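Below is one structure, written out as structure tokens; the observations come after it.
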Amino acid sequence: MIKQIHKPSLVLGAVLALATSLGHAEQTIGIQNAGATPAIATARVNVRVTVPKTVILRVGAADATISDVVFTYGVTPAVAGAPGNSLPYTGAIAPTLATTVATTNPTTTAGVLTTGAWTNVSGGARLTCALSGTGGATTAFATGATVGGVPGTADILVAGTTPAHPGTSLASCDGTISSTIAALTALSGTFTYSTAFTASAIAAGSYGTTVTYTATTL
């Protein structure tokens, strides 16, 4: 007589045997003779909480929009009919130039951007900044002091707290100067931008840079 072997049953039995030999479920038994000594069995369970490293940084708009801070200079007192040619002018040579500041995306107090930061990494985070060209017809700021009629990064000032701005001007945005973001502390403050150059020493044109702020966990 030929015996038929049911292969699925054999496979299942092998799997169950392997699972029994390799199992790590916590199960114990306590056995004591009858009397005052209690029988004790224990079972352990590992309970874990996993939280990812997280860091948040805001400068200006609370979305993906890049904020703009624009300084515009013009002759003061204002000249009637400007812009125009051969206009009557009784002012000084060189003229006095006044500045107006516009902050957009979002539109806020001139020259002021809202900031915020938070991290859950125990060592905190460091805040740095770097400069890059804006493209188009805009001329990049001179590195350091204002020179040759081009505004310098050292003359674009930034004051900020909670978090502190890395350095006191855009000249500090070289990746080596940083400020601290403390762990588990919601920071909320502002960055205020201003200029320190003499307006009449700047050649006519459009100048600028894109400032990229980076918060890196420690």
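Worth saying up front: this structure is predicted, and the values here are computed from it rather than measured.
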Going by heavy atoms in the side chains, are Y89 and V79 under 4.5 Å from each other? yes
Pairing donors with acceptors under 3.5 angstrom, does anything connect the side chains of Y73 and T195? yes
Y213 with V112, same ILVMFWY side-chain cluster at under 4.5 Å: no
Taking the side chain as C-beta and beyond, is there a heavy-atom pair between T119 and I56 under 4.5 Å? no
Quick check for you: to the nearest 0.5 Å, what is the distance between I156 atom CD1 and C173 atom SG? 11.0 Å
If you define the side chain from C-beta out and look only at heavy atoms, does anything of R126 sit under 4.5 Å from P166? no
To the nearest 0.5 Å, how far apart are SG in C129 and CG in D174? 7.5 Å
Is a donor from one side chain sitting under 3.5 angstrom from an acceptor on the other, for S67 and N105? no
Could you tell me the separation between the OG atom of S122 and the CG atom of L218, rounded to the nearest 0.5 Å? 9.5 Å
V121 to T217 - nearest heavy-atom pair and separation: CG2-CG2, 3.6 Å
So which heavy atom on I31 is nearest to which on A39, and how close? N-CB, 4.4 Å
Using every non-hydrogen atom in the two residues, find where S200 and P95 come nearest and quote the distance to one decimal. CB-O, 4.5 Å
Check this for me: I66, atom CD1, are more than 12 non-hydrogen atoms of other residues, nucleotides or ligands nearer than 6.0 Å? no
When you measure from the side chain of N120 to the backbone N and O of P52, does any donor-acceptor pair fall under 3.5 Å? yes
Is there any salt bridge (Lys or Arg N to Asp or Glu O under 4.0 Å) pair reaching into residues 35-60, and which pairs are they, with sequence neighbours excluded? E26-R44
Just do the side chain to side chain contact (heavy atoms under 4.5 Å, CB included) check on T139 and F141 with the steps written out, would you? CA-CA 7 Å; T139 300; F141 292 138; over 6 Å; no
Rounded distance [0.5 Å steps], CG in L57 versus CH2 in W118: 13.5 Å
Assess whether side chain to side chain contact (heavy atoms under 4.5 Å, CB included) is satisfied between V211 and L131, documenting all intermediate values. CA-CA 5 Å; V211 186; L131 307 181; 3.7 Å; yes
Write down the atom of T214, the atom of T216, and the distance for their closest heavy-atom approach. CG2-OG1, 3.6 Å
Shared hydrophobic cluster, V101 / V59 (ILVMFWY, side-chain heavy atoms < 4.5 Å): yes
What side-chain donor-acceptor pairs closer than 3.5 Å can you find for residues 178-192, not counting sequence neighbours?
from, atom 1, to, atom 2, distance (Å)
S179, OG, A164, O, 2.6
T185, OG1, A183, O, 3.2

Supply the atom-to-atom distance S194 OG to D155 CG, rounded to the nearest 0.5 angstrom. 10.0 Å
Treating T134 as the side-chain partner and G208 as the backbone partner, does any N or O pair qualify as donor plus acceptor under 3.5 Å? no
Less than 4.5 Å apart, any side-chain heavy atom of L113 and any of V69? yes
Which atom pair, heavy atoms only, marks the closest approach of V55 to A125? CG2-CB, 4.3 Å
Where at least one partner belongs to residues 29-39, residue pairs that pass side-chain hydrogen bond (donor to acceptor under 3.5 Å, both in side chains), sequence neighbours excluded: none
In Å, rounded to the nearest 0.5 Å, how long is the span from NE2 of H165 to CG of L127? 7.5 Å
Of all the heavy-atom pairs spanning T146 and I202, show the shortest one and how long it is. CG2-CD1, 3.6 Å
Just so I know, are the side chains of Y207 and T209 near enough to count as touching, which here means a heavy-atom distance under 4.5 Å? no
